[in-house]
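Every chain is numbered from 1 and lettered A, B, ... according to where its sequence line falls, protein lines coming before strand lines.
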Amino acid sequence: MNNNQELSRALKSFYCARSLPRARVDFLLQAKIRIAQPTRPWRTIPLVQIAALTAAIVIFLLVANHEEYQRAIERAVCAEVVMNHMKHSPLEIISSHYSQVQAALSRLDFSIMPANSTILETYRLMGGRYCSIQGVPAAQLRVQDIRSGKECTLYAVKAAGKLQGITADVDSMDGIRVEVWRQDNVLFALAEKID
Amino acid sequence: MFGFGESDQRELLQAAFRYAFSLTHHQYDAEDLMQSAWLKLLSMKAKIPAKNLLFVTIRHLFFDDLRRRKIVSFCALDEAEASACQTAKPALSDDVAALLSELRPEEREALFLHEVEGYTASEISRVTGQPRGTVLSLMHRARERLLKLAQTEGKRVWHE
């Protein structure tokens, strides 16, 4: 038998001769039973679950708060659009060509022409003027519904600042229907009287 | 009741104690270490822990304590306390114990897990968190050292 095998045998025999005293074993087994006894429910809730619940509540409040804020902005935009539409302010440029109105409103660095062909085919451009939506410079265009002859107002504003989060919305206020949609980084809003 | 027979539990406690002993090389320290790990796991899980988890917990407690002792030196206030404050020597009398006391805890641990528990180097690596190569090296060095020490001291401990 070589030395390594003898060493293995000696180690095994040495460690197997060591043991935990019976009294200590009994104590530890009793400790197990004591700890396993049912305790008050709040004591059994692990900290990690409390932390997860708290985090979930905080996230929920943040999301809910954000949605509430977004909704408030949309309502404010709608109210401003309706108010401007009802004021019926005089036009600064009278033209049925978007390019001419765009050239006249040279301070606006975005396209005021909607890409939506339905809008272009249904509404005829009459002219435009500067205005602002929530403090952001905008174009206020007067358009005429070819089908009904009704005059409507089309707004084009850069989706910046508070308006950044708005994508699409349909709302009505004081008998005016407002439809909002996003075209790249430009927000359009069409206001028309409900029959 | 716990899905674990009482004799199994007793065997688990004994195995854990021997493992703790391989680290501390001291009967009472091993008892305390094993008890701390057992109670810690029960307070967390309230059920019998798996053997590997118990071993890992024992290991962490042992090395945490070792690190703490290296940072904080306990100074005795008088002579009587000073004599009690000496580094604990293994309270074992036989030759194997004396030889094992020359090894580092990590070396004793690797030898114990391999020779007594029958763990492979990979299994030891999982318990200790050390690379397999390190485990193999620890076992090799520990064996070499024990054989050399036994020869130097002219002990025939392997033939007890």
Walk me through it: do B/Arg10 and A/Asp26 pass the test side-chain contact (heavy atoms from CB on, under 4.5 Å)? CA-CA 9 Å; B/Arg10 286 181 184 276; A/Asp26 291 340; 2.7 Å; yes
Within a radius of less than 6.0 Å around NZ of A/Lys150, do more than 12 heavy atoms belonging to other residues, nucleotides or ligands occur? yes
Counting only heavy atoms not in B/Asp64 (residues, nucleotides, ligands), do more than 12 fall under 6.0 Å from its CG? yes
Cluster overlap [X] with [Y], hydrophobic side-chain contacts below 4.5 Å:
| X | Y | value |
| --- | --- | --- |
| A/Tyr98 | A/Leu187 | no |
| A/Ile166 | A/Val136 | yes |
| A/Val25 | B/Leu54 | yes |
| A/Phe110 | A/Val77 | no |
| A/Leu7 | B/Val135 | yes |

Closest heavy-atom pair and its distance - A/Pro21, B/Gln27: CD-NE2, 4.1 Å
Nearest heavy-atom neighbours spanning B/Val116 and A/Leu11: CG2-O, 4.2 Å
Under 3.5 Å donor-acceptor, B/Glu31 side chain and A/Leu20 backbone: no
Between B/Leu147 and A/Glu6, is any pair of side-chain heavy atoms under 4.5 Å apart? no
Kindly indicate whether the side chain of B/Leu42, heavy atoms from C-beta on, has any atom under 4.5 Å from the side chain of A/Leu28. no
Stepwise side-chain contact (heavy atoms from CB on, under 4.5 Å) test for A/Phe27 and B/Trp38: CA-CA 11 Å; A/Phe27 169 80; B/Trp38 180 258; over 6 Å; no
Which distance, rounded to the nearest 0.5 Å, do you find between the NE2 of B/His114 and the NZ of A/Lys12? 9.0 Å
Proximity of residues 103-111 of chain B to chain A, residues having a non-hydrogen atom under 4.5 angstrom: B/Arg108, B/Leu111
Going by the angle between their ring planes, with limits at 30° and 60°, are A/Tyr15 and B/Phe112 parallel, tilted or perpendicular? perpendicular
